[in-house]
Structure formats: structure tokens, C-alpha cells
Amino acid sequence: VQEAYHGPGHIRLDKRGVIIMLNGGNLLLLLLLVAGASCGAPRTFSVDYQKDCFRKDGEPFRFISGSIHYTRIPRVYWKDRLLKMYMAGLNAIQTYIPWNYHEESRGQYSFSGERDLLHFLQLAQDVGLLVILRPGPYICAEWEMGGLPAWLLNKKNIVLRSSDKDYLSAVDEWMGKLLPMIKPFLYENGGPIITVQVENEYGSYFTCDYNYMRHLTQLFRSHLGEQVVLFTTDGGSVGFLKCGSIQGLYATVDFGPGSNVTAAFEAQRHAEPHGPLVNSEFYTGWLDHWGSRHSVVNTNAVIKCLNEMLLKGANVNMYMFIGGTNFGYWNGANEPYSPQPTSYDYDAPLTEAGDLTDKYFAIQNVIKMFRKIPEGPIPPTTPKFSYGTVTLQKLETVSEALEKLSYSGPVKSIYPLTFTDLNQALGYVLYRTILPFNCSTPTPLSSPLNGVHDRAYVSVDGVAAGILERFKSITMNVTGKAGSQVDVLVENMGRINYGRGINDYKGLVSNMTLGAKVLTDWTMYSLSIDQAVSQGLLGKSMSSNPPQPPKLSLPTFYGGSFVIPDGIPDLPQDSYIKLTKWTKGQIWINGFNLGRYWPARGPQLTLFVPSSILSTAVPNNITVLELEAAPCSDGPCTVEFTRTPIINATLPHSLKPTSRLFSKEDLL
Ligand SMILES: *[C@@H]1O[C@H](CO)[C@@H](O)[C@H](O)[C@H]1NC(C)=O
Ligand SMILES: *[C@@H]1O[C@H](CO)[C@@H](O)[C@H](O)[C@H]1NC(C)=O
Ligand SMILES: *[C@@H]1O[C@H](CO)[C@@H](O)[C@H](O)[C@H]1NC(C)=O
Ligand SMILES: *[C@@H]1O[C@H](CO)[C@@H](O)[C@H](O)[C@H]1NC(C)=O
Ligand SMILES: *[C@@H]1O[C@H](CO)[C@@H](O)[C@H](O)[C@H]1NC(C)=O
Ligand SMILES: *[C@@H]1O[C@H](CO)[C@@H](O)[C@H](O)[C@H]1NC(C)=O
């Protein structure tokens with residue numbers, strides 16, 4: 001009986017219809033028996049509006065929590081990170097669920113392996129942590145499109161995060177899949193989930209659609225029941241709470257160190273005159289953008305503010321406690337268009353690789369003053385190993401490998417189509433056309449409406465000609481004869497995750513012009529580069545390309561392998577890979593997409609390489625797609641493994657300084 005009560009088991013009873021078949025009296029009897037046999041009182045979690053606190057099983061309760069995104073940490077490390085959080089003295093964790101990660105194509109759900117959300121929830125519970133769940137549907141999170149699936153953009157002019165009926169029906173379907181899965185994990189059902197957030201910082205968005213928030217409230221209630229505490233989170237000022245909070249959802253705020261704690265909680269009191277004080281995102285660090293300085297947040301400022309909030313009896317979630325990594329293509333971007341790098345280290349108390357820091361111990365020392373923290377050893381920082389320098393061979397260019405990269409074959413259209421039109425969400429698409437007239441002198445090739453989303457690598461007849469970049473470079477010159485082949489490889493560098501611009505179409509989203517003429521008759525190749533890499537399809541170049549200009553070459557693959565040495569115990573270990581003098585691209589090890597590298601822009605110079613993707617039995621294969629220029633026009637190309645990360649390099653050139661810390665207003 002105990003088993004059935006504590007685990008998902010008692011829900012299974014429900015699903016099989018056993019409970020449903022009993023009449024009301026018998027149901028009550030069964031519940032009493034079950035409850036009596038386990039701990040004498042049912043598990044409850046609620047808001048106490050008289051005593052201004054949460055209540056867990058009837059007792060006053062305060063959470064000291066930390067954010068961890070399972071989608072940014074390799075599954076094998078989930079338990080290690082959760083244990084470190086537990087040992088810091090936290091009693092809860094908070095996580096986001098990115099919809100687009102679990103439903104990449106409409107109706108096709110993925111919840112296994114690295115995406116096994118339920119396993120993550122179970123691990124949190126096994127470790128002894130409660131869970132604050134943030135299922136969206138929109139999450140922000142510096143995640144591609146704030147977690148919304150790009151296929152929502154199939155409807156032109158869809159108003160995301162509103163009562164738009166097509167948006168709502170997609171949300172209903174998704175939540176109809178997700179919420180029943182998590183229901184058995186609610187605290188009252190024996191699981192770890194104490195509260196569930198609805199939407200995310202909705203008061204920062206322009207729609208201010210109360211019907212939308214009411215719809216979500218009813219949707220969450222219909223799947224999760226009347227018991228669970230549902231809440232909202234908004235910036236810590238009355239202006240944000242105006243459109244973000246709504247009756248039926250407990251309003252909480254978010255703010256970082258350096259904020260006026262009294263004023264921020266007064267703003268929460270404006271929406272919730274009674275009930276617990278909650279900071280749902282207390283910033284331990286801050287996000288980065290390519291081309292801006294790495295954010296560092298002073299530990300003393302963090303612990304001073306944490307202490308102040310805890311003295312007020314507030315509930316606090318630290319965002320992030322561990323940031324992790326934007327593997328693959330999952331980073332987001334802010335406006336004016338500015339994408340986030342691969343590392344999501346966030347200057348959090350646990351580093352990207354889960355390493356313990358001074359900030360970790362300083363926070364633990366503060367928590368110690370407010371609650372008993374667990375005894376015993378903290379899981380140590382994992383050792384890092386340098387696998388040395390690896391030489392890579394030049395392989396095919398993207399244009400040469402086109403047949404292998406584009407399974408679906410080309411699509412033709414007079415004007416360019418977007419990624420969405422081509423049914424592709426992430427990565428790269430090749431656009432091809434011809435020069436319609438002789439360009440014997442440099443002729444401007446432009447995207448006058450700033451429609452290169454987000455970066456285009458342009459070549460004419462197999463010779464690299466230049467790069468166009470959203471908001472940074474909308475015109476370049478080309479020369480060539482009429483009929484020359486123009487290849488425009490367009491990269492989605494990450495969809496905008498915050499603000500008005502989240503309807504972020506990718507590819508060539510408006511016409512390109514050559515001189516005064518609109519270019520027409522495009523052939524477009526949707527590219528499945530990840531599949532080609534993991535199937536080892538890329539080979540040596542069979543043709544010889546024409547000479548390239550200095551400092552620029554065609555988007556080209558490079559490959560090489562390395563063997564992990566025998567006789568050293570405990571290998572493989574984690575590492576970092578450094579692409580010194582490479583320019584910009586994407587890198588895979590054994591088919592696992594480690595993410596984007598861009599040392600030419602910085603501040604990140606190394607990428608985290610988790611040991612879980614490495615093999616000691618067979619050689620490990622590195623594939624690099626260099627988009628601009630490899631450091632080896634004549635000699636061998638190398639990459640280097642290192643034990644120490646560099647995510648804070650000084651920038652090679654100065655761009656507009658980064659926005660002020662902690663102000664979401666500055667990101668609008
Ligand atoms: C913080 O805010 C409170 C309430 O609005 C105000 O009384 C106080 O002066 C502020 N403190 C500082 C240091 O600005
Ligand atoms: C382009 O220039 C070539 C000579 O280089 C000439 O033969 C051809 O007629 C020109 N084509 C057009 C469309 O002007
Ligand atoms: C294109 O070429 C023209 C003429 O040579 C030159 O004035 C202009 O600066 C060039 N534009 C770019 C973007 O390089
Ligand atoms: C491209 O130009 C054509 C002709 O002017 C126009 O009909 C079409 O809407 C334009 N496409 C885009 C995406 O701007
Ligand atoms: C690397 O590639 C080789 C040759 O294709 C293959 O035999 C080996 O299994 C690959 N290594 C891993 C770890 O997948
Ligand atoms: C980068 O971080 C390291 C480690 O914290 C530090 O030693 C170094 O001085 C930093 N470099 C820059 C340029 O800030």
C-alpha cells in the first residue's frame with residue numbers, strides 16, 4: 001500500500017479504472033486506508049494566506065531552490081548535479097520544459113534518453129529535492145524561440161502567447177500530452193512537484209491578453225486538478241505584474257542582487273496582499289551574447305541579497321544554480337538581434353561542467369544559517385583531461401556534399417522560401433541561384449529589408465565572396481559573369497527568445513537584390529547535416545576548388561580522430577575543446593553536436609566536452625564545419641583539448657557594450 005501511495009502506482013490504479021469503478025463511499029474508504037497506512041496524513045502543499053507562507057503537510061514551509069535545466073546537462077550527469085544542489089542545502093529545484101525540444105515536429109513527441117523528463121523528476125525526488133516546474137508553454141530561458149516550436153510559424157501572422165485560435169489549439173494538444181504525464185509527480189500524488197508555473201514573465205510581453213491567461217489556467221486545472229499551487233512569475237515592479245498576474249494563479253516576482261528587495265516584494269504585495277514572498281528568479285549570474293563581455297556577478301552581492309531575502313522569510317529560487325550548455329542549435333537570441341553563445345555557464349555557483357566554485361560554498365554558508373544542511377561529502381568536481389592536439393583533414397565543402405546533406409532534395413521557387421516553408425527548424429539551408437547579368441565591376445548584393453536570418457556565407461562559382469549578417473551587414477559586392485552560380489548558405493543562429501520579435505522566421509525572409517534587380521529562380525536545399533555527420537557520410541573532396549580570396553573560404557567540413565590512451569585510470573574524463581584561430585562554425589564529436597564555436601567574435605573560446613560522448617574502445621571522431629576560414633590554407637589544421645575553459649576572453653573587437661545587468665527592460 002505504501003508503495004502504491006508514494007509512487008506513481010496509485011495513479012496507475014486510477015488509470016486502470018479500479019478507483020473509478022468504486023462508488024464514492026468506497027473510494028473515500030480506500031483513500032483513508034491508503035493514507036492511514038503510510039504517514040497518517042495526506043500529502044498536501046498549499047498557500048497559507050493567513051500566515052503568509054507555504055504549507056507542506058500542514059506545516060509552514062519555505063523553499064530555498066536552484067534552477068537547473070535538464071536540457072542543458074548530459075543525462076549521465078543529472079544525478080551528480082542534483083546531489084551537489086542538495087548538498088548546498090537546497091530543498092527544491094526549479095526547471096523549465098522546452099516545448100520545442102519535446103515536440104520538434106507537430107504530433108511527434110520525444111521523451112526518452114536525454115529528453116527523459118520523467119526520469120529527471122524521479123532523480124530529483126530520489127535525491128531528496130522538491131520540484132518547482134515551469135512547463136510554459138513559453139519559457140524564455142535563452143532557449144531557441146523561448147521554447148515555442150518553430151512550426152507554429154506555419155501560420156503567417158500567428159499571434160504567439162495570445163488567444164489566437166491556432167496557437168491555442170497547439171497549446172491544448174501539447175499540454176494534453178505533457179500535463180497528464182507529470183500529474184503523477186505532483187506532491188499530492190506522491191511525487192516531488194510542489195508548484196507549477198503558468199506561462200513566463202507574461203507581463204513583459206506586449207499582448208496582455210487576459211483571456212489567454214484564463215485559458216491556460218483552466219487548461220492546467222483541468223489536467224492537474226484543483227489542489228496544486230499554480231503560479232506566475234514577473235519582473236519585480238508593478239508595471240510587469242499588471243499584465244502578468246491574474247486571479248487564480250499565485251503571483252511571484254523575479255529580481256537580482258543590487259535590486260531593492262523591499263521594493264520588489266512590495267510589488268509582489270501589490271498583486272498578492274497576503275501569502276508567501278517569492279523570488280522565482282534570483283540571478284546568481286547573468287547571460288552572455290556573442291561579441292559582448294562575459295557576465296560576472298560578484299559573489300558578495302549575491303550572498304548579501306540572498307541573506308536579506310531569507311531574513312524576510314522569503315522563498316527564493318536561484319537562477320541559475322547550474323547553467324550548463326546550449327548543445328546543438330538550442331541557444332536563443334535577444335533584440336536587436338544578438339544570439340547567445342554555446343556555454344550557458346551563467347557565472348552560476350556550479351560551472352557549466354558542474355564544478356564547485358567559491359560562489360557555491362559562499363551560498364551554502366548563507367543557507368546554513370537558515371536551515372540544517374545535509375551532512376556528508378559533496379560530490380567532487382569531475383577531473384578534466386587533455387587529449388592533446390588533434391590534426392584534422394580537409395573534407396568536402398557543403399556545396400560538394402549537397403547530395404548527402406539534402407535528403408529531401410531541392411525545392412524551387414521564384415522568390416526565396418523561409419526555413420518554415422521548407423519544413424526545417426534549425427541549422428542551415430543552402431539557397432542557390434545565378435547572376436542574371438554580367439557583374440564585371442563590383443555590384444552590390446543586398447538584403448535591403450534586413451532579411452538574412454541570420455548569417456549568410458556567399459560564394460560565386462565556387463569562390464567565397466563574403467558574408468551577410470542580420471543587423472550588422474546587409475550589403476556586399478560580387479563580381480562574375482551572367483549565369484554564374486551563387487550559393488548562399490544561411491545559418492539560423494538561434495531564434496529570438498524574448499520580446500516582440502519571437503515570430504522569428506529564418507533563412508532568406510525577404511528578397512535579395514543584385515544592383516537594382518530582385519534575384520529570382522531560387523533552388524533551396526534543406527540540410528540534414530547532423531544525420532550526415534553521425535552516419536559518417538562526409539568524405540574527402542574529389543574535386544579541386546578554384547583559388548579562394550585571402551582570409552575567406554567556402555563552408556567546408558574537416559575531420560579527424562583521436563584515441564584515448566590506455567593505462568590511465570578513470571578515462572574518459574570531461575574536457576574542453578579549443579579552436580584557436582578557427583573562425584566560426586559547428587563541431588561534433590562522435591556525431592554529438594557540441595554546439596557553435598566563434599572565437600573570432602568571443603567571448604567563448606572553448607566548448608565543454610562531456611566524457612559521456614567519448615569512447616575508450618574505438619577512435620573518437622571529430623567533425624568541424626568551418627563556415628568562414630580554417631587556420632590551415634596550406635598546413636594541417638588542429639584542434640586542441642584543454643583542462644581549463646575559456647569563456648571570458650577579451651574581445652577581438654569592440655561591439656556595442658552589453659546591456660546593464662538584471663534589467664529585463666533593457667532586453668525589450
Ligand atoms: C527601497 O525601497 C523602499 C520601498 O520602496 C524605500 O523605502 C527605500 O528607500 C529603498 N531603499 C533604497 C536604498 O533605495
Ligand atoms: C556578358 O559578358 C560576356 C563577355 O564577357 C558577353 O559575351 C555576354 O554577352 C555578356 N552577357 C550579358 C547578358 O550581357
Ligand atoms: C562595393 O564596391 C563599390 C565600388 O567599388 C565600393 O564603393 C563599395 O564601398 C563596396 N561596398 C562594399 C559593401 O564593399
Ligand atoms: C519578393 O518580391 C516580389 C516581387 O516584387 C514580391 O511579390 C514578393 O512578395 C517579395 N517577397 C518577399 C518575401 O518580400
Ligand atoms: C569513428 O569512425 C570510425 C570509422 O568510421 C568508426 O569505426 C568508429 O566506430 C567511430 N567512433 C565512434 C566512437 O563512433
Ligand atoms: C577569465 O576567468 C579566469 C578564471 O576566473 C580569470 O583567471 C581570468 O583573469 C579571466 N580573464 C578575463 C580576461 O577576464
Side-chain angles (χ1 to χ4, degrees), residues 45 51-57 59-68 73 77-95 123-132 187 192 194-195 252-259 261-262 264-265 276-286 296-323 345-351 353-382:
F45 194 88
K51 295 278 164 46
D52 295 339
C53 64
F54 287 116
R55 281 192 183 267
K56 182 169 155 287
D57 304 330
E59 297 297 318
F61 176 83
R62 179 247 290 276
F63 65 70
I64 304 176
S65 166
S67 282
I68 169 174
I73 295 167
Y77 281 133
W78 288 350
K79 191 163 188 182
D80 174 79
R81 310 304 189 247
L82 290 167
L83 267 170
K84 285 169 176 159
M85 294 173 83
Y86 178 76
M87 295 307 296
L90 305 182
N91 54 10
I93 58 152
Q94 186 202 66
T95 198
L123 279 178
Q125 182 166 32
D126 294 348
V127 165
L129 290 161
L130 297 164
V131 173
I132 299 161
Y187 186 78
I194 47 173
T195 60
T252 74
V253 288
D254 55 24
F255 57 90
S259 302
V261 172
T262 310
F265 282 135
L277 296 175
V278 182
N279 184 348
S280 290
E281 289 188 7
F282 171 60
Y283 305 112
T284 60
W286 195 243
V296 175
V297 173
N298 180 275
T299 296
N300 286 330
V302 171
I303 59 174
K304 185 168 164 285
C305 189
L306 176 63
N307 188 56
E308 190 183 342
M309 289 186 291
L310 294 178
L311 280 172
K312 282 186 187 297
N315 296 263
V316 179
N317 172 70
M318 284 169 260
Y319 187 102
M320 299 293 301
F321 205 86
I322 172 168
D345 180 272
Y346 214 83
D347 198 32
L350 294 169
T351 70
D355 295 358
L356 303 165
T357 65
D358 292 346
K359 197 177 269 181
Y360 175 95
F361 291 104
I363 287 172
Q364 187 192 45
N365 277 333
V366 174
I367 296 174
K368 241 182 228 170
M369 297 189 288
F370 295 91
R371 69 183 295 263
K372 192 168 149 31
I373 68 168
E375 283 166 24
I378 302 172
T381 287
T382 57

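Any value given below was found using the heavy atoms of this structure, including those in side chains, with hydrogens, waters and symmetry copies removed.
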**Prompt:** Does the side chain of D52 come within less than 4.5 Å of L277's, by heavy atoms?
**Reply:** no
**Prompt:** Is there side-chain contact between V253 and F265, with heavy atoms separated by less than 4.5 Å?
**Reply:** yes
**Message:** Using every non-hydrogen atom in the two residues, find where I93 and A124 come nearest and quote the distance to one decimal.
**Reply:** CD1-CB, 4.0 Å
**Request:** Search all heavy atoms of I363 against all heavy atoms of P349 and return the closest pair with its distance.
**Result:** CD1-CG, 3.8 Å
**Message:** Per the side chain to side chain donor-acceptor pair (under 3.5 Å) rule, what does the pair list look like for residues 313-323, sequence neighbours excluded?
**Reply:** S65-N317, S67-N317, Q94-N317, Y319-Y344
**Message:** Could you report the tightest heavy-atom contact between G66 and L90, atom names first, then the distance?
**Reply:** N-CD1, 3.7 Å
**Message:** Assess the residue pair Q125 and V131 against the criterion (side-chain contact (heavy atoms from CB on, under 4.5 Å)); give the C-alpha distance rounded to whole Å, side-chain angles, the decisive distance to 0.1 Å, and a yes or no.
**Reply:** CA-CA 8 Å; Q125 182 166 32; V131 173; over 6 Å; no
**Prompt:** With a 4.5 Å limit on heavy-atom distance, are the side chains of V127 and M85 in contact?
**Reply:** no
**Message:** Which residue in the set V261, D254, V302 passes side-chain contact (heavy atoms from CB on, under 4.5 Å) when paired with F282?
**Reply:** V302
**Prompt:** Do side-chain atoms of R62 reach the backbone of A314 as a donor and acceptor pair under 3.5 angstrom?
**Reply:** yes
**Request:** For E375 and M87, work out which heavy atoms get closest and say how close.
**Result:** O-CE, 3.7 Å
**ring-ring contact (aromatic ring centres under 6.0 Å, His included) against Y86, all qualifying residues, sequence neighbours excluded** = none
**Complete:** dist I373:CD1 -> N91:CG (nearest 0.5 Å) comes out at 12.5 Å
**Request:** Supply the atom-to-atom distance L350 CG to T381 OG1, rounded to the nearest 0.5 angstrom.
**Result:** 8.0 Å
**Asked** Nearest heavy-atom pair of A348 and T284: which atoms, and what distance?
**Response** CA-OG1, 3.8 Å
**Message:** I want to check something: taking the side chain as every heavy atom from C-beta on, are F63 and K56 in contact at a cut-off of under 4.5 Å?
**Reply:** no
**Asked** When rounded to the nearest 0.5 angstrom, what is the spacing between NZ in K304 and CE in M309?
**Response** 11.5 Å
**Request:** Return yes if some donor-acceptor pair links the side-chain N/O of K84 with the main-chain N/O of G354 below 3.5 Å, else return no.
**Result:** yes
**Asked** Roughly how far apart are F61 CZ and I194 CD1, rounded to 0.5 Å?
**Response** 5.0 Å
**Asked** Are the side chains of F321 and I68 in touch, meaning some heavy atoms are under 4.5 Å apart?
**Response** no
**Message:** I need the minimum non-hydrogen distance between P257 and A301, along with the two atoms involved.
**Reply:** CB-O, 3.4 Å
**Request:** To the nearest 0.5 angstrom, please state how far the CG atom of L82 sits from the CG atom of L123.
**Result:** 6.5 Å
**Prompt:** Just by distance, do the side chain of D345 and the backbone of T351 share a donor-acceptor pair under 3.5 Å?
**Reply:** no
**Message:** Would you say that F361 contacts I378 through its side chain, given a criterion of any heavy-atom pair below 4.5 Å between the two side chains?
**Reply:** yes
**Asked** Please, which pairs that meet side chain to side chain donor-acceptor pair (under 3.5 Å) have at least one residue in residues 357-370, sequence neighbours excluded?
**Response** D347-K359, N365-K368
**Asked** Do L310 and M369 have side-chain heavy atoms sitting under 4.5 Å apart?
**Response** no
**Message:** Quick check for you: to the nearest 0.5 Å, what is the distance between T382 atom OG1 and L356 atom CG?
**Reply:** 9.5 Å
**Message:** Within the structure provided, determine whether L311 and F370 are in side-chain contact (heavy-atom separation under 4.5 Å).
**Reply:** yes
